[in-house]
Amino acid sequence: MILNDKRGWNKIAGVWKTAKAIKKSGIDILLVPHRSFRSALIAWLSRVPIRIGFTSSEGWFLYTKTVPFNWMIHDAERNLSLLQGIAKEKFAAEKLSMSFTPSAEENVARLLKDFNLEGKKLVGIHAGSAWPTKCWPMEYYVDLISKLQTELGVQVVLVGGGKKDADLGEKICQLSKGHAASLCGKTSLADLMALMKHLSLFITNDSGPMHIATAFDVPTLAIFGPTTRELGFFPYGEGHRVLEVKDLPCRPCALHGGKKCPLKHFKCMRDILPQTVFDNAKEMLKM
């Protein structure tokens with residue numbers, strides 16, 4: 001695995017470092033799903049003989065071959081379309097899949113025991129995001145979790161990484177009714193994967209954990225605000241749902257959301273009420 005570090009000065013120095021590592025690996029074909037000029041430059045500097053990217057890439061001219069970019073399909077299928085640069089047939093993803101280490105299962109087993117979660121019907125919730133406008137309001141999550149635990153009797157487990165998610169998880173647990181458990185900041189990426197098989201439902205903002213849940217066939221209820229399904233990052237597969245405010249003219253306001261609502265009303269999230277999410281969750285749980 002080659003790490004492409006873009007933090008701080010590595011955003012510049014990392015270009016040369018990553019290109020050098022790719023060149024040293026002896027790779028013959030490089031598929032680049034990212035459309036930034038930086039990614040195209042790394043590919044070109046690596047001197048890999050066959051470099052395939054999208055026609056809409058800012059550095060399209062640095063590739064040896066390009067394929068059309070289509071907004072109207074899932075990102076997994078878009079990335080697979082890069083293979084058309086080396087093969088004539090079209091490729092399709094039946095489902096997303098991931099794997100984790102045995103140690104992750106051991107860590108999750110320990111957490112389930114420590115938090116008294118064994119044998120309970122678990123509903124996972126990811127309330128955080130790197131992009132603030134992708135976050136459904138905290139008070140809405142508090143209301144939703146309270147209803148899930150008091151009316152349906154399920155056990156809510158909050159997940160997330162880093163201090164920001166950990167602080168948010170603890171605050172939601174303190175304010176909600178019932179005994180929600182926060183595993184935010186307590187699981188690695190592999191642990192989160194191992195946890196998925198214990199969940200009956202996963203409720204989340206448009207985020208990375210959403211894709212992890214769908215890869216492990218966990219019924220996923222996703223809340224989309226500034227982003228839309230048409231961008232291609234919706235839950236992949238059957239049995240999942242996306243809740244969004246349709247026909248709101250300002251959506252999508254950005255590819256990844258932003259720090260603040262550009263129009264200052266945040267209707268894309270505030271108009272998705274806790275009762276709506278609860279009703280959908282109840283249907284998906286078949287309760």
Side-chain angles (χ1 to χ4, degrees), residues 108-109 111-129 132-160 165-187 192 194-207 209-214 216-225 229 234-235 237-246 248 266-287:
V108 168
L111 286 170
L112 293 178
K113 183 177 181 179
D114 291 347
F115 282 82
N116 193 29
L117 302 173
E118 294 174 307
K120 295 182 179 180
K121 194 175 187 67
L122 305 181
V123 172
I125 287 184
H126 180 238
S129 173
T133 54
K134 276 189 175 182
C135 294
W136 200 44
M138 184 194 74
E139 62 271 24
Y140 284 14
Y141 271 116
V142 170
D143 191 355
L144 171 65
I145 292 170
S146 297
K147 291 175 72 65
L148 287 171
Q149 296 193 140
T150 59
E151 295 185 30
L152 299 185
V154 298
Q155 169 70 60
V156 169
V157 179
L158 287 119
V159 300
D165 278 357
D167 291 343
L168 176 63
E170 287 299 327
K171 193 167 185 179
I172 289 175
C173 284
Q174 291 172 7
L175 294 173
S176 60
K177 297 176 182 178
H179 301 283
S182 177
L183 301 186
C184 298
K186 296 178 174 65
T187 58
L192 181 58
L195 176 66
M196 288 299 171
K197 70 177 185 179
H198 299 279
L199 304 180
S200 298
L201 177 68
F202 193 64
I203 303 173
T204 177
N205 303 317
D206 176 11
S207 63
M210 174 184 72
H211 302 296
I212 294 175
T214 59
F216 287 95
D217 295 322
V218 181
T220 299
L221 179 56
I223 304 170
F224 276 41
R229 288 179 57 96
F234 54 90
E238 300 294 328
H240 310 302
R241 298 187 186 184
V242 171
L243 294 180
E244 57 187 336
V245 181
K246 295 186 180 295
L248 193 62
F266 204 32
K267 288 177 67 65
C268 64
M269 280 298 197
R270 293 202 171 277
D271 285 0
I272 303 174
L273 301 178
Q275 185 64 46
T276 300
V277 181
F278 175 78
D279 290 342
N280 277 269
K282 185 176 180 180
E283 289 178 5
M284 294 178 74
L285 286 166
K286 296 179 174 59
M287 298 180 72

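Since this is a predicted model, take the numbers as computed values, not measurements.
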Main-chain N/O of Leu144 paired with Ser146 side-chain donor or acceptor, under 3.5 Å: no
Within-4.5 Å side-chain heavy-atom neighbours: Lys134 and Phe224: no
Side chain proximity check, Leu285 to Leu152, heavy atoms < 4.5 angstrom: yes
Pairwise side-chain contact, Leu243 with Leu221, heavy-atom cut-off 4.5 Å (strictly under): yes
Closest non-hydrogen atom pair, Val277 against Ile272: CG2-CG2, 3.9 Å
SB check Arg270 Glu139 (cutoff 4.0 Å): yes
Ser200 and Val154, any side-chain heavy atoms less than 4.5 Å apart: no
Closest approach of Ala281 to Leu148 (non-hydrogen atoms, all atoms of both residues): CB-CD2, 4.1 Å
Side chains of Tyr141 and Ile223 in contact at under 4.5 Å (non-hydrogen atoms): yes
Minimum side-chain heavy-atom gap Leu199-Val123 below 4.5 Å: no
Crowding at NZ, Lys282 (>12 non-hydrogen neighbours, <6.0 Å): no
Name each donor-acceptor pair under 3.5 Å that joins a side chain in residues 167-176 to protein atoms two or more places apart or in another chain, with its distance.
unit_1, atom_1, unit_2, atom_2, d
Asp167, OD2, Lys163, NZ, 2.8
Ser176, OG, Ile172, O, 3.0
Ser176, OG, Cys173, O, 3.4

Closest heavy-atom pair and its distance - Pro235, Met210: CG-SD, 3.7 Å
